[in-house]
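The block underneath contains the structure these notes are about, expressed in structure tokens.
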Amino acid sequence: MDIPSKYEPQRIEDHWYAYWMDNGFFHSVPDHRESYTIVIPPPNVTGVLHMGHMLNNTIQDVLIRKARLMGKNACWVPGTDHASIATEAKVVAKLKEEGIPKSELSREQFLNYAWEWTHEYGGVILEQLKKLGCSCDWDRTKFTMDDNMSASVIKVFVDLFNKGLIYRGYRMVNWDPEAKTTLSDEEVIYEERQGLLYYLSYAIEGSDENVIIATTRPETILGDTAICINPNDGRYRHLKGKKAIVPICNRVIPIIEDEYVDIEFGTGCLKVTPAHDVNDKALGDKHGLETVDIFNEDASLNSYGLHYAGKDRFVVRKEIARELDEKGFLVKTEKHINKVGTSERTKAVIEPRLSEQWFLKMEELARPAIEAVLETSEVKLFPKKFENTYRHWMENIRDWNISRQLWWGQQIPAFYFGDGQEDFVVAETGEEALNLARKKSGNPSLTLTDLRQDADVFDTWFSSWLWPISVFNGILEPENEDIEYYYPTNDLITGPDILFFWVARMIIAGYEFRDKRPFENVYLTGLVRDGQRRKMSKSLGNSPDALKLIADYGADGVRVGLLLSSPAGNDLLFDEALCQQGKNFANKIWNAFRLVQGWEVSDLPQPEASRLGIDWYSSKFNRTLAEIEDHFSKYRISDALMATYKLVWDDFCSWLLEIVKPAYQQPIDKKSFESVIRLFEGNLKLLHPFMPFLTEEIWQHMKNRAPEEALTVSQWPKEGSVDENLIAGFTFASEVIAGIRTVRKEKNIPMKEELELSLLNEEGVSKDWDVVIKKLTNVSQISYVNAAVDGALSFRVKSNEYFIPITGAVDVEVEKQKINEELKYIKGFLMSVQKKLSNDRFVNNAPAKVIELERKKQADAEAKIETLEKSLASLE
RNA sequence: GGGCUCUUAGCUCAGCUGGUUCAGAGCACCUGCCUUACAAGCAGGGGGUCACUGGUUCGAACCCAGUAGGGCCCACCA
């Protein structure tokens with residue numbers, strides 16, 4: 001046989017991928033067929049493939065390939081995200097390595113570097129997806145900063161501004177002093193850190209009294225503008241209306257009252273620093289306090305920091321604590337664990353900071369998106385449990401801060417023409433802006449050079465929330481053929497970690513800009529974790545190299561490995577052993593193919609066993625097909641795979657092929673051969689979404705096929721009839737076969753030695769399957785008897801008793817013991833059934849169907865006991 | 001602190017919303033086999049008080065309450 005006995009994925013994967021591409025199988029254009037669309041969650045343009053990508057892209061490919069086989073016009077749109085802060089951080093770091101600080105570059109120079117970087121590394125990840133077998137329509141590849149993608153973002157912003165949904169606000173935001181930008185709440189990660197609680201003494205103006213205040217951030221006292229006590233706190237009532245003096249800077253600040261203050265915490269007395277704490281800001285607004293910002297944008301102190309000006313906040317914390325101590329203001333310190341917000345990207349400690357930002361009002365926008373998921377189910381989440389989290393977030397949604405103090409991204413199209421709060425206009429182009437500005441300012445002589453564009457860019461998600469629309473250019477040309485045909489898309493596959501960042505906002509955008517849902521189903525995958533349940537991450541070094549895995553196990557093996565244990569929404573505990581299982585499965589199929597391929601076909605009559613086996617497998621196939629469809633409809637991809645796995649490995653390879661297989665070097669009859677090939681092809685179709693490379697290879701090997709006959713573009717099997725009698729008959733026969741094999745094993749009788757089989761047929765089982773039993777167990781003849789056979793080994797299936805005469809003595813005692821054990825069990829079982837049936841309340845209350853079943857159980861058990869007792873008697 | 005959710009075999013999970021597909025699957029494990037498709041394999045086998053405690057019911061892995069221990073989301077105390 002010239003086909004290697006081991007499947008060698010490396011040999012064929014690139015070949016078939018190129019073949020599919022050359023024939024344009026993944027490319028879609030609108031036509032008369034029903035569309036099936038997936039838009040890829042765009043990975044960061046400079047990213048590399050990690051296990052999370054592998055998992056969710058495999059799932060997407062399974063769905064898209066299945067849809068393609070089902071005759072739909074399948075379109076999977078790939079692309080990448082500019083990921084403003086992540087990419088900018090990388091570029092800054094790279095430039096820093098080269099000795100170029102960002103501060104020395106102009107915006108244009110920096111952007112040149114960033115684009116260079118993007119072109120160099122961008123799209124690496126897309127090439128990696130090809131290795132995995134992803135059947136994306138690469139002609140449609142998009143990048144969130146492509147010209148028309150950016151133009152879409154700008155247009156949407158202007159539109160929302162004109163609708164009155166955008167405003168500028170002086171707000172407390174999460175400031176990343178490292179990246180010198182704002183972060184959204186979602187980009188802040190809270191960490192528990194051991195810190196100190198400093199007890200500071202403030203003098204009361206015009207008295208000898210002091211008040212002690214606890215704080216974790218002594219450096220912020222320079223920004224204090226009030227002290228706050230709880231009006232219900234008797235300890236401080238006498239301070240009402242007095243003033244305190246801030247140590248070191250000696251500012252005189254009012255003592256105010258507010259129930260916000262927790263009497264139990266610290267000393268029950270709070271220093272208020274409106275510029276550097278969200279809650280203090282609220283207090284400040286409420287009580288009309290002054291705001292003193294003591295930080296520069298890199299979180300070093302400004303001139304309000306007095307002699308600490310220019311020093312970093314953490315340095316100042318230590319130094320000021322020392323000074324306070326020396327001057328007698330520091331009463332004591334205590335250890336204290338507090339939660340510190342850190343930047344997801346730069347890990348820097350977040351500084352709450354007041355600044356001018358752009359906001360999008362969300363409450364109104366969110367309404368249709370809430371309805372769609374929670375009321376009308378126009379958009380369905382899988383698994384459903386995420387609807388609760390979704391509800392919670394959406395019903396408490398806050399306005400979205402969409403500006404970022406970065407350069408990499410779409411620059412906000414707001415143009416300032418003066419220094420007043422309202423001296424700006426918003427427009428898609430400079431020309432339009434100029435027109436508007438002339439009108440608004442009443443100054444017709446304004447020129448473009450008088451306009452100053454806002455320096456900030458949009459939050460990345462402000463471009464990706466349009467993704468399902470903008471990839472089809474549906475914002476700029478709302479009625480183009482593509483958007484009308486492909487939108488709404490069908491399924492979205494992504495991780496639950498970006499449910500709010502992305503999924504919820506896409507739903508919002510879908511209704512706002514298209515008045516339609518962006519997709520129907522959202523499949524939320526789990527996170528990929530390692531064996532110790534740790535999240536896979538580069539920093540932990542526990543994430544395997546995706547490409548190496550593919551090299552080691554084959555793309556199909558890795559795909560199967562990933563899917564085998566990843567029910568929707570459950571975390572996937574990744575273990576390379578799973579890929580090994582996938583690889584083994586691929587090899588199994590490969591060898592089944594080798595077997596069939598090696599058969600010599602001849603014009604012989606079809607053996608009865610083969611006919612029966614083939615009919616049985618057809619039924620089994622159809623029944624499993626229905627199960628698989630059911631699993632797919634519920635997005636239970638791993639169950640669909642497992643059903644396929646068992647069908648192919650157990651039913652097809654272990655049973656059918658063994659039934660049909662001709663004796664050594666004997667030819668096979670033509671009819672059986674053709675049937676087996678047809679059934680094999682059916683298997684390949686079921687397998688193809690999971691294992692595209694292997695199945696295409698075998699498919700093409702089996703017959704010479706024209707390109708349009710490729711498996712990738714063939715047709716998913718149609719539902720067929722299921723003969724339950726055949727399946728039941730086979731199941732019974734397989735138990736008989738297992739019984740015979742067990743006897744052989746226990747008695748060490750080699751397969752080569754022929755056996756004879758007799759049976760007491762109490763079940764009234766048909767003799768049809770005798771031919772199959774004979775073939776698979778090397779039984780020469782099966783005879784039907786009326787009484788137990790002496791000196792034979794026996795076993796039972798249901799109420800049938802089977803006898804195998806053997807040469808040499810049968811150990812009667814062992815046989816008796818076995819029968820007695822069975823008797824004991826079945827009698828116990830009968831008792832429990834009888835107990836139920838003699839319970840009047842059971843008989844009166846249980847449904848008739850259940851009672852009938854119990855009666856059948858009783859009858860079966862009694863019959864079996866009779867059989868057992870007879871054979872016991874025959875052994876006496 | 002608020003909300004959601006989970007606990008079934010050594011591991012990862014099913015168990016379709018009380019009753020023979022009720023105790024399952026895959027992997028792992030054990031025992032035989034290099035049987036001419038496949039040792040990446042074949043055949044056979046062992047293994048679970050369904051977290052715990054009560055309750056409802058003729059009947060509970062499944063429903064209710066409580067306990068213990070995980071996980072997720074949101075908010076966040078200076």
Side-chain angles (χ1 to χ4, degrees), chain A residues 1 3 5-7 185 190 197-198 213-217 220 228 260-262 264-273 277-280 336 338-339 341 383 385-393 396 496-497 499-500 527 531 533 553 557 564-567 569-573 575 577-578 580-599 630 634 636 638-639 641-643 645-646 649 653-654 657-658 661 664-665 737-738 741-746 748 750-752 778 833 835-836 839-847 849-851 853-854 856-857 860:
Chain A
M1 195 174 294
I3 307 171
S5 71
K6 301 263 186 281
Y7 170 56
D185 292 342
Y190 285 90
L197 194 56
Y198 300 80
I213 292 165
T215 179
T216 53
R217 303 195 59 191
T220 63
C228 190
Y260 162 76
V261 176
D262 181 354
E264 305 294 321
F265 188 90
T267 60
C269 199
L270 173 73
K271 72 185 204 58
V272 185
T273 322
D277 185 279
V278 186
N279 297 301
D280 289 13
H336 181 249
N338 60 339
K339 282 190 179 169
K385 65 179 178 185
F386 285 108
E387 286 181 8
N388 283 326
T389 349
Y390 181 85
R391 167 184 289 120
H392 194 256
W393 194 77
N396 297 290
D497 48 334
L499 183 60
F500 308 130
L527 293 172
R533 287 199 182 268
Y553 300 99
L564 269 176
S565 95
S566 58
N570 274 14
D571 287 353
L572 168 70
L573 271 61
D575 186 341
L578 292 168
Q580 185 63 46
Q581 194 183 346
K583 185 180 178 181
N584 293 354
F585 185 41
N587 198 53
K588 182 71 188 178
I589 300 165
W590 180 250
N591 276 291
F593 164 64
R594 285 180 69 220
L595 173 68
V596 172
Q597 192 70 3
W599 283 338
D630 184 53
K634 292 167 182 157
R636 296 157 64 136
S638 55
D639 289 330
L641 171 57
M642 187 45 72
Y645 180 93
K646 286 195 275 194
W649 197 313
C653 293
S654 296
L657 291 182
E658 293 301 330
K661 190 158 112 180
Y664 182 53
Q665 292 201 329
I737 291 166
R741 284 171 174 168
T742 307
V743 168
R744 275 192 189 277
K745 168 113 201 265
E746 282 174 355
N748 246 322
M751 183 62 183
K752 280 176 185 156
N778 196 17
V833 174
K835 199 175 144 198
K836 257 193 218 178
N839 181 338
D840 283 345
R841 283 190 295 186
F842 171 73
V843 179
N844 293 334
N845 292 321
K849 217 173 165 184
V850 173
I851 296 172
L853 265 170
E854 290 299 318
K856 175 144 196 328
K857 279 200 246 176
D860 288 350

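So you know, we letter chains A, B, ... as the sequences are listed, proteins then strands, and number each from 1.
- Classified by its glycosidic torsion, B/U8 falls in the anti category, the angle being over 90° from 0.
- If you measure from atom CZ of A/Arg217 to atom C1' of B/A78, you get 11 Å, rounded to the nearest angstrom.
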Please produce a list of atom pairs where a protein N or O lies less than 3.5 Å from an N or O of nucleotides 56-64 of chain B.
| unit_1 | atom_1 | unit_2 | atom_2 | d |
| --- | --- | --- | --- | --- |
| B/C58 | O2' | A/Asn839 | ND2 | 3.0 |

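- Contact annotation for A/Lys857: base contact, defined as any heavy-atom pair under 4.0 Å involving a base atom.
- In this structure, A/Gln597 places its CD atom 14 Å from P of B/A37, rounding to the nearest Å.
- A distance of 10.0 Å separates OH in A/Tyr553 from CG in A/Leu578, rounded to the nearest 0.5 Å.
- A donor-acceptor contact under 3.5 angstrom links the side-chain atoms of A/Lys588 to the base of B/C38.
- In this structure, B/C4 and B/G71 make a Watson-Crick or G-U wobble pair, each of the two defining distances being under 3.5 angstrom.
- Judged purely by atom type and a 3.5 angstrom limit, A/Asn845 uses its side chain to pair as donor or acceptor with the backbone of A/Arg841.
- Where A/Cys653 and A/Leu270 meet RNA chain B, the nucleotide closest to each residue was compared, and A/Cys653 sits on the side nearer the 5' end.
- Ring geometry, A/Tyr7 versus A/Trp590: the interplanar angle falls from 30° to 60°, so the pair is classed tilted.
- The glycosidic torsion of B/U67 lies more than 90° away from 0, which places this base in the anti conformation.
- Distance from the side chain of A/Val850 is smallest for B/G19 among the nucleotides B/G19, B/A78, B/A40.
- Whole-Å rounding puts the A/Gln580 CD to B/A40 C1' distance at 6 Å.
- Within 4.0 Å (heavy atoms only), A/Asp575 reaches no atom of the nucleic acid at all.
- Side-chain contact between A/Phe386 and A/Pro496 is present, with heavy atoms from C-beta onward closer than 4.5 Å.
- For the atom pair CG (A/Asn778) and NZ (A/Lys752), the distance works out to 11.0 Å, reported to the nearest 0.5 Å.
- Between the CG atom of A/Asp630 and the C1' atom of B/C16 there is a distance of 8 Å, rounded to whole Å.
- Paired with A/Leu270 under the rule side chain to side chain contact (heavy atoms under 4.5 Å, CB included), one option of A/Asn279, A/Val261, A/Thr215 passes, and it is A/Val261.
- Across B/G48 and B/A9, the matching C1' atoms stand 5 Å from one another, rounded to whole Å.
- Atom CG of A/Asp639 is separated from atom CG of A/Leu564 by 10.5 Å, given to the nearest 0.5 angstrom.
- Between B/A40, B/C77, B/G44, one nucleotide has an atom nearer to the side chain of A/Lys583 than all others, and that is B/A40.
- Under the Watson-Crick or G-U wobble criterion, with both distances below 3.5 Å, B/C77 is left unpaired in every strand shown.
- Aromatic ring orientation, A/Trp393 versus A/Phe500: parallel (interplanar angle below 30°, classes split at 30° and 60°).
- Minimum atom distance to the side chain of A/Val261 is reached by B/A78, of the listed B/A37, B/A78, B/G15.
- Across the P atoms, B/G70 and B/C30 are found 33 Å apart, a figure rounded to whole Å.
- Comparing A/Asp639 and A/Glu854 against RNA chain B, the residue whose closest nucleotide sits nearer the 5' end is A/Asp639.
- Using a 4.0 Å heavy-atom distance criterion, A/Ser654 is classed as a sugar-phosphate-only contact.
- Looking at A/Arg594 and A/Asn591, their side chains do bring a donor and an acceptor atom within 3.5 Å of each other.
- Rounded to a whole angstrom, the distance from the C1' atom of B/U57 to that of B/C62 is 13 Å.
- Here the separation of B/U12 from B/G55, taken at their C1' atoms, is 33 Å to the nearest Å.
- Straight-line distance from the NZ atom of A/Lys661 to the C1' atom of B/G41: 11 Å, rounded to whole Å.
- Rounded to a whole Å, the CG atom of A/Leu527 is 20 Å from the P atom of B/G70.
- Nearest to the side chain of A/Asn279, among B/A40, B/A78, B/C76, sits B/C76.
- The nucleotide B/C63 finds its pairing partner in B/G55, both defining distances of the Watson-Crick or G-U wobble pair being shorter than 3.5 Å.
- A distance of 13.0 Å separates CZ in A/Arg636 from CE in A/Met642, rounded to the nearest 0.5 Å.
- The distance between atom CZ of A/Phe386 and atom P of B/C4, rounded to the nearest whole Å, is 16 Å.
- Listed nucleotides B/C73, B/A37, B/G44 differ in distance to A/Arg594; the shortest reach to its side chain belongs to B/A37.
- With both ends at atom C1', the span from B/C11 to B/C76 equals 38 Å, rounded to whole Å.
- Nucleic acid contact for A/Asn388: sugar-phosphate only, since backbone atoms but no base atoms lie under 4.0 Å from a heavy atom of the residue.
- Per the geometry, CG belonging to A/Asn591 stands 12 Å off C1' belonging to B/C42, to the nearest Å.
- Here the separation of B/G54 from B/G44, taken at their P atoms, is 43 Å to the nearest Å.
- Judged by atom type and distance alone, A/Glu658 reaches the base of B/A37 through a side-chain donor-acceptor pair under 3.5 Å.
- With C1' as the reference atom, B/A25 and B/A14 are 7 Å apart, rounded to whole Å.
- Pair assignment for B/C22: none, as no Watson-Crick or G-U wobble contacts are both less than 3.5 Å.
- Between A/Cys653 atom SG and A/Glu658 atom CD the span is 9.0 Å, to the nearest 0.5 Å.
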Within the 4.0 Å limit for protein heavy atoms, which parts of nucleotides 22-34 of chain B are touched? Write it as a string from 5' to 3', B for base, S for sugar-phosphate only, - for none. ---SSS---BS--
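- The P atoms of B/G2 and B/G18 are separated by 32 Å, rounded to the nearest whole Å.
- In a base pair of the Watson-Crick type (N1 to N3 plus N6-O4 or O6-N4) or a G-U wobble (N1-O2 and O6-N3), with each distance short of 3.5 Å, B/G41 is matched with B/C33.
- Residues A/Ile851 and A/Glu854 are not in side-chain contact: their nearest non-hydrogen atoms beyond the backbone lie 4.5 Å or more apart.
- Minimum interatomic distance between A/Lys836 and A/Lys857 (heavy atoms only, all atoms of both residues): NZ-NZ, 4.3 Å.
- With B/A40, B/C74, B/A78 as the choices, the nucleotide that has an atom nearest any side-chain atom of A/Lys6 turns out to be B/A40.
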